[in-house]
K.L.:
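For reference, the structure I am asking about is given below.
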2 protein chains.
Amino acid sequence: MPRTKGDHEARRRDVSEAVWRVLAAHGFGGLTLRAVATELGATTGLLTHYFPAKRDLVAHALDVLEQRSASRPRRAAGPGLPAVRAALLDILPLTAEATDANRIWVSSWDVALADPALSGDHARRYAQSRGKLRDLVATAQELGELPAGDPELIAAGAQSFALGLVVQALFAPASFPPQRQVELLDDYLASLASPRAAMSPASPSSSRGEDPAPPGRHPGR
Amino acid sequence: MPRTKGDHEARRRDVSEAVWRVLAAHGFGGLTLRAVATELGATTGLLTHYFPAKRDLVAHALDVLEQRSASRPRRAAGPGLPAVRAALLDILPLTAEATDANRIWVSSWDVALADPALSGDHARRYAQSRGKLRDLVATAQELGELPAGDPELIAAGAQSFALGLVVQALFAPASFPPQRQVELLDDYLASLASPRAAMSPASPSSSRGEDPAPPGRHPGR
DNA sequence: ACATAGTCATAACACTTGTTATGCGAATGG
DNA sequence: CCATTCGCATAACAAGTGTTATGACTATGT
């Protein structure tokens, strides 16, 4: 009965890719049915035929994002610190596709922060990613490639570093070419790997509100 | 002639604060003239009286954001590493106001990435902030509180770390309370301060060893 | 007191948005 | 070969958007 045979799923994928392209170009603020339709060379009638409402459309687009992020070729690396490095490199916008994905990701933060449900989804996603990173950090510590310390804390720090680097690279790609991103990441990992001077494990800020003395190690004074 | 005397500027500030509140609550995606008007207990006629177009309104709101960021009480800290720490602490969402500001900031990334002009503004802003940070890092190095190394690179890394921590804290405030943010930052600074070996200790992957990701062109498309 | 000018509500405007209804064509099943 | 069903363009729809008059109100200057 259809004009072309079993293309229902394939057509849905086409639509999702058009959504992807619109998102990469104009972000969520510029995501409209008309924009997707023209990007696809069709009309809104086609879109509503496959997705009853815009909500379903963006949901499927976000599924595509997550699926792409999950199924993209991960870097292979031996256990320990190289695995940590590979996981972080996989986050950075080192290629055109990774740049698009990260750009969409950042764009989704606006709508996500406005909606508690979506906000929770993002938080959960980051927590999961952090969990994986923590395991990698732990094995690296067991191998003696990273100094002791709460792996959860180290993973959170590493993820923060990578996330911030993503944002900076998106806004100033000329100042943060792939090579520079890798350089920054490797410097960060090197500083992590170097044995840390002894500092009091208990945070001195627990008693006072916040903003206590300068960092742990006081060279002079 | 006016209903109340010299309140022109004061009224503009009122409007800007209403814009601020709407942005903090719903982000740029939820910023409409009606929303601002009801938030202010007025109508759109008032808004257009003080700001001819929405463009001017959001521009002024962003000016307010920048002005607030610039004029907020900065942490005082002696030169060297404490100054670096203070500058980074000033970025983090440690208070309710700082959280609002950062939430608006993140929200603006969506619209900024869609508009090259705004994108350039943001890039310039971050570059400037990075420049200041670099100077602080340099003096800390002169004081021997930080090991040698390109201060520009160190500043970029520190900014990335703070930025990413902001994002994480916004999405999972329960997992990243102020105390934890400070703890993470101090850990990061401690690892920076510790003298870095030449990457020999037990790290098989040299800094420029393998890199599956070819440094191809980045943005394009 | 009167004219004037700033303040702002009211309301209409042109436009875009997501959604829905209608209908035409094509491919298939009987 | 005809009826049916899917694919999709066309177009109308209501709601919401930014923008633009219009006019009433009020405090001020003279």
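Below, read A as the first sequence line, B as the second, and so on, with proteins coming before strands; counting in each chain starts at 1. Note: hydrogens, waters and symmetry copies are ignored here, and every other heavy atom, side chains too, is used.
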K.L.:
Write down the distance between NE2 (B:His8) and P (D:dA27), rounded to a whole number of angstrom.
P.N.:
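Distance check: B:His8 NE2 to D:dA27 P gives 19 Å.
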
K.L.:
Figure out the CG/P separation between B:Leu47 and C:dC8, and round it to whole Å.
P.N.:
11 Å

K.L.:
Can you check whether B:Leu163 reaches B:Ile91 side chain to side chain, under 4.5 Å on heavy atoms?
P.N.:
no

K.L.:
Measure from the side chain of B:Thr43, starting at C-beta and using heavy atoms only, and say which of D:dG7, D:dC8, C:dT10 lies closest.
P.N.:
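The answer is C:dT10, which lies nearest to the side chain.
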
K.L.:
Please tell me if A:His49 has a side-chain N or O lying less than 4.0 Å from either OP1 or OP2 of D:dG7.
P.N.:
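The answer is yes; a side-chain N or O of A:His49 sits under 4.0 Å from OP1 or OP2.
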
K.L.:
Would you say B:Tyr50 reaches C:dG6's phosphate, i.e. side-chain N/O to OP1/OP2 under 4.0 Å?
P.N.:
no

K.L.:
Figure out the CG/C1' separation between B:Leu57 and D:dT19, and round it to whole Å.
P.N.:
13 Å

K.L.:
When the ring planes of B:Trp105 and B:Tyr126 are compared, do they come out parallel, tilted or perpendicular, using 30° and 60° as the limits?
P.N.:
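Plane angle over 60°, so perpendicular.
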
K.L.:
To the nearest Å, how far apart are A:Leu46 CG and D:dG7 C1'?
P.N.:
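From A:Leu46 CG to D:dG7 C1': 8 Å.
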
K.L.:
Are A:Asp14 and A:Arg11 ion-paired here, with the side-chain N under 4.0 Å from a carboxylate O?
P.N.:
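Yes.
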
K.L.:
Which distance, rounded to the nearest 0.5 Å, do you find between the NZ of A:Lys54 and the CG of A:Leu31?
P.N.:
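It is 5.0 Å, given to the nearest 0.5 Å.
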
K.L.:
Which is true for B:Phe51 with a 4.0 Å heavy-atom rule: it touches a base, it touches only sugar-phosphate, or it touches nothing?
P.N.:
nothing

K.L.:
Within less than 4.0 Å of OP1 or OP2 of C:dC8, is there a side-chain N or O belonging to B:Arg11?
P.N.:
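Affirmative; the distance criterion is met.
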
K.L.:
Could A:Arg103 and A:Asp100 be called an ion pair, given the rule that one side-chain N must be under 4.0 Å from one carboxylate O?
P.N.:
no

K.L.:
I'd like to know if A:Arg72 and A:Glu97 make a salt bridge, using a cut-off of under 4.0 Å between side-chain N and carboxylate O.
P.N.:
no

K.L.:
What string of B, S and - do you get for nucleotides 15-20 of chain C, 5' to 3', when a contact is any protein heavy atom under 4.0 Å?
P.N.:
--BBBB

